[in-house]
Amino acid sequence: MHPEPSVLHPEPVEGATAGFDELSPHLPYSFVPCVSLQGRLGRTGVITTPHGTIRTPAFVAVGTKATVKAVLPESVAALGAQAVLANAYHLYLQPGADVIDAAGGLGRFMNWPGPTFTDSGGFQVMSLGVGFKKMLAMNSDGVEDDDVIAEGKTRLARVDEDGVTFTSHLDGSQHRFTPEISMQIQHELGADIIFAFDECTTLLNTRDYQERSVARTHRWAARCLAEHQRLTRDGKPPHHQALFAVVQGAEYQDLRRQAARDLVSLMIDDSGFAGYGIGGALEKHNLGTIVRWVCEELPEDKPRHLLGISEPNDIFTAIENGVDTFDCVAPSRVARNAAVYTVRGRFNVNTAPSRRNFSPIDEDCDCYTCTRYTQAYLHHLFKAREMLASTLCTIHNERFIVRLVDDIRASIEAGRFFDFKIDFLGRYYGSSPNR
RNA sequence: GGCAGGUUGCCCGAGCGGCCAAAGGGAGCGGUCUGUAAAAUCGUCGGCUGAAGCCUACGUUGGUUCGAAUCCAACACCUGCCA
């Protein structure tokens, strides 16, 4: 049943740096699971896209506005990232999906030859709307009062059954997203993997609201699938994009399982979703449980993408429970704010102990930054507010997470995942950064 | 030499009789960041203390006052303008 190892282990990074002309733009999308994690839902696998393959589990670097902030695409490839995820809402507002379409698609526009993802903009409904002021709901029984306005903040998104009305955070103009519009935008953007337009709730919403929201997300998923198929059929030029649905349901087992089952059974003309995203509200300590509930309901032959997770312990938990790919802004955002990962935990390089420390961030790291620069230099760059600080630390953090996931994949293949997990997490959380 | 203005905590800078250990910046010190509204944000920031409290502080010295960074005098230094 499993393909030959050579098929399972292509060289995605080399493919990603080969340039556009050497790539076949017509490779069909596929996912092939490979080695399973004994007794758990985790596995390795390979996702094939028109722009190259992704060996899973894989960390997808986030490049919201068609750039991994502060870093050249060549560096993103060199540090081993296999794919980049951009955002439909942000690119729709600026520069406009039509511009990216005219440029030849997201990958060409941003000079990233490898696989690309776009998020639907569903998360922005939450971050610009309901979640805009979490305290707001603390003295009520849920975030449902659309008329409540928190001091100093303006609600920029409102949900209704048909879609979402946004106020642009850039210029205040009004915009409308529906499942159909999100699909049209994402088809114009042209990423290899796109996400259904979902509603992302918060833990502050009531159970009743979560139920209604999951139901709505499902109706939206059906509309996304229909529109995606129409665009795939009628769009010009023909696209080869894979649509992932997003499983919501907050922390309720029945909602999560039902949401997953409903999405799996959703078929139009014998075809359903190419993969599944797991999103939404959850507390950190429930991550593994929730991911397991969902993945138990999902088919083995479809990839699962966990949206927005990347702390080391979360990565192990997610992968162990069946996640194949995941993305997160944390490695790059945190890097721009001077926090860096090491095998012995995270620390801030802009603090006093690094001022005269002439060793790298992490002696064990093979990244561009650690093989060339000292903590003292990075400390100086942050203090001097030089932008190279962001660049170098982003490269380090992205490399750290990519490498961690590479190591996890290798440990699954070698049948020693659990040993590696105990060893890594013991060092990461059990000791203080060595500096 | 004359006239005018000034001297505040590590730096800049408000305060102009009590509510002043002294606004606000900056620097320093520490934290946070999970589908990016982020090169963001929060805390701390004279000393001793958990706290109450005490001590030391607004150029120097002396004075007025129940009470002075704030009023007065002398001195020191700085800055303008006029000789």
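Proteins get letters first, then strands, A, B, ... in listed order; numbering begins at 1 in each.
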Could you tell me whether [X] contacts a base, only the sugar-phosphate backbone, or nothing, with contacts defined as non-hydrogen atoms closer than 4.0 Å?
{"X": "A/Lys65", "answer": "sugar-phosphate"}
{"X": "A/His305", "answer": "nothing"}
{"X": "A/Asp314", "answer": "base"}
{"X": "A/Gly280", "answer": "base"}
{"X": "A/Asp171", "answer": "nothing"}
{"X": "A/Ser310", "answer": "base"}
{"X": "A/Leu306", "answer": "nothing"}
{"X": "A/Gln94", "answer": "nothing"}
{"X": "A/Ala339", "answer": "base"}
{"X": "A/Asp327", "answer": "sugar-phosphate"}

Grab the [atom1]-[atom2] distance between [X] and [N] for me, whole Å please.
{"X": "A/Asn348", "N": "B/U41", "atom1": "CG", "atom2": "C1'", "value": "13 Å"}
{"X": "A/Glu311", "N": "B/U34", "atom1": "CD", "atom2": "P", "value": "9 Å"}
{"X": "A/His169", "N": "B/A37", "atom1": "NE2", "atom2": "P", "value": "7 Å"}
{"X": "A/Ile193", "N": "B/G35", "atom1": "CD1", "atom2": "C1'", "value": "14 Å"}
{"X": "A/Tyr341", "N": "B/U34", "atom1": "OH", "atom2": "C1'", "value": "8 Å"}
{"X": "A/Phe382", "N": "B/U32", "atom1": "CZ", "atom2": "P", "value": "15 Å"}
{"X": "A/Ile401", "N": "B/C33", "atom1": "CD1", "atom2": "C1'", "value": "14 Å"}
{"X": "A/Lys69", "N": "B/A38", "atom1": "NZ", "atom2": "C1'", "value": "8 Å"}

Would you measure the distance from the [atom1] atom in [N] across to the matching atom in [M] and give it in whole Å?
{"N": "B/G43", "M": "B/U49", "atom1": "P", "answer": "25 Å"}
{"N": "B/G1", "M": "B/A14", "atom1": "P", "answer": "31 Å"}
{"N": "B/C12", "M": "B/U65", "atom1": "P", "answer": "36 Å"}
{"N": "B/G80", "M": "B/C72", "atom1": "P", "answer": "25 Å"}
{"N": "B/A4", "M": "B/C11", "atom1": "C1'", "answer": "28 Å"}
{"N": "B/A51", "M": "B/U64", "atom1": "C1'", "answer": "38 Å"}
{"N": "B/G2", "M": "B/A57", "atom1": "C1'", "answer": "36 Å"}
{"N": "B/C16", "M": "B/U8", "atom1": "C1'", "answer": "12 Å"}

Check if the side chain of [X] and the base of [N] share a donor-acceptor pair of N or O atoms closer than 3.5 Å.
{"X": "A/Ser127", "N": "B/U36", "value": "no"}
{"X": "A/Lys284", "N": "B/U34", "value": "yes"}
{"X": "A/Arg346", "N": "B/U32", "value": "no"}
{"X": "A/Arg333", "N": "B/A38", "value": "yes"}
{"X": "A/Asn350", "N": "B/G31", "value": "no"}

Using Watson-Crick or G-U wobble geometry with both distances under 3.5 Å, which nucleotide pairs with [N]?
{"N": "B/G1", "result": "B/C82"}
{"N": "B/A23", "result": "none"}
{"N": "B/C75", "result": "B/G59"}
{"N": "B/G50", "result": "none"}
{"N": "B/U41", "result": "B/G31"}

inquiry  = Run the salt bridge (Lys or Arg N to Asp or Glu O under 4.0 Å) test on A/Arg409 and A/Asp406 for me, step by step, so that the C-alpha distance in whole Å, both residues' side-chain angles and the decisive distance to 0.1 Å come before the verdict.
reply    = CA-CA 5 Å; A/Arg409 189 192 317 123; A/Asp406 285 349; 2.8 Å; yes
Where the side chain of [X] is concerned, which of [options] is the nearest nucleotide?
{"X": "A/Met387", "options": "B/A37, B/G35, B/A39", "value": "B/A39"}
{"X": "A/Asn87", "options": "B/U36, B/U34, B/G30", "value": "B/U36"}
{"X": "A/Phe123", "options": "B/U36, B/G31, B/U34", "value": "B/U36"}
{"X": "A/Val329", "options": "B/G35, B/G28, B/A37", "value": "B/G35"}
{"X": "A/Asp119", "options": "B/C29, B/U36, B/G31", "value": "B/U36"}
{"X": "A/Lys383", "options": "B/C29, B/U34, B/G35", "value": "B/C29"}

- request: Examine B/A27: is either OP1 or OP2 under 4.0 Å from a nitrogen or oxygen in the side chain of A/Arg385? Give yes or no.
  value: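 Checking B/A27 against A/Arg385, a side-chain N or O does come within under 4.0 Å of OP1 or OP2.
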Quick check on B/G35: is either OP1 or OP2 less than 4.0 Å from any side-chain nitrogen or oxygen of A/Gln124?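 So the side-chain polar atoms of A/Gln124 never come under 4.0 Å of the phosphate oxygens OP1 or OP2 of B/G35.
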Q. Which class fits the ring pair A/Phe420 and A/Phe424: parallel under 30°, tilted 30 to 60°, perpendicular over 60°?
A.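 Correct class here is tilted.
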How about [X] and [Y]: are their ring centres within less than 6.0 Å of each other?
{"X": "A/Phe123", "Y": "A/Tyr89", "answer": "no"}
{"X": "A/His240", "Y": "A/His51", "answer": "no"}
{"X": "A/Phe195", "Y": "A/His305", "answer": "yes"}

Tell me if the CD atom of A/Glu296 is crowded by more than 12 foreign heavy atoms within 6.0 Å.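 Count over threshold, so yes.
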Can a donor-acceptor pair be found between the side chains of A/Asp171 and A/Ser173 at a distance below 3.5 Å?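 A pair is found: one side chain offers a donor N or O, the other an acceptor, under 3.5 Å apart.
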Problem set entry | RNA chain B: 5'-proximal contact among A/Ser390 and A/Thr64 (nearest heavy atom) |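 Comparing both residues, the 5'-ward one is A/Thr64.
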If each of A/Asn337 and A/Val62 is mapped to the nucleotide of RNA chain B with the nearest heavy atom, which maps nearer the 5' terminus, i.e. the 5' end?
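On the 5' side of the pair lies A/Val62.
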| message | Can you confirm if the NZ or CZ of A/Arg207 lies within 45° of the ring axis of A/Tyr252 and under 6.0 Å from the centre of its six-membered ring? | response |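 Pair A/Arg207/A/Tyr252 counts as cation-pi.
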Check: Taking atom CZ of A/Arg336 and atom CG of A/Asn397, what is their separation to the nearest 0.5 Å?
Finding: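 Here the rounded value is 10.5 Å.
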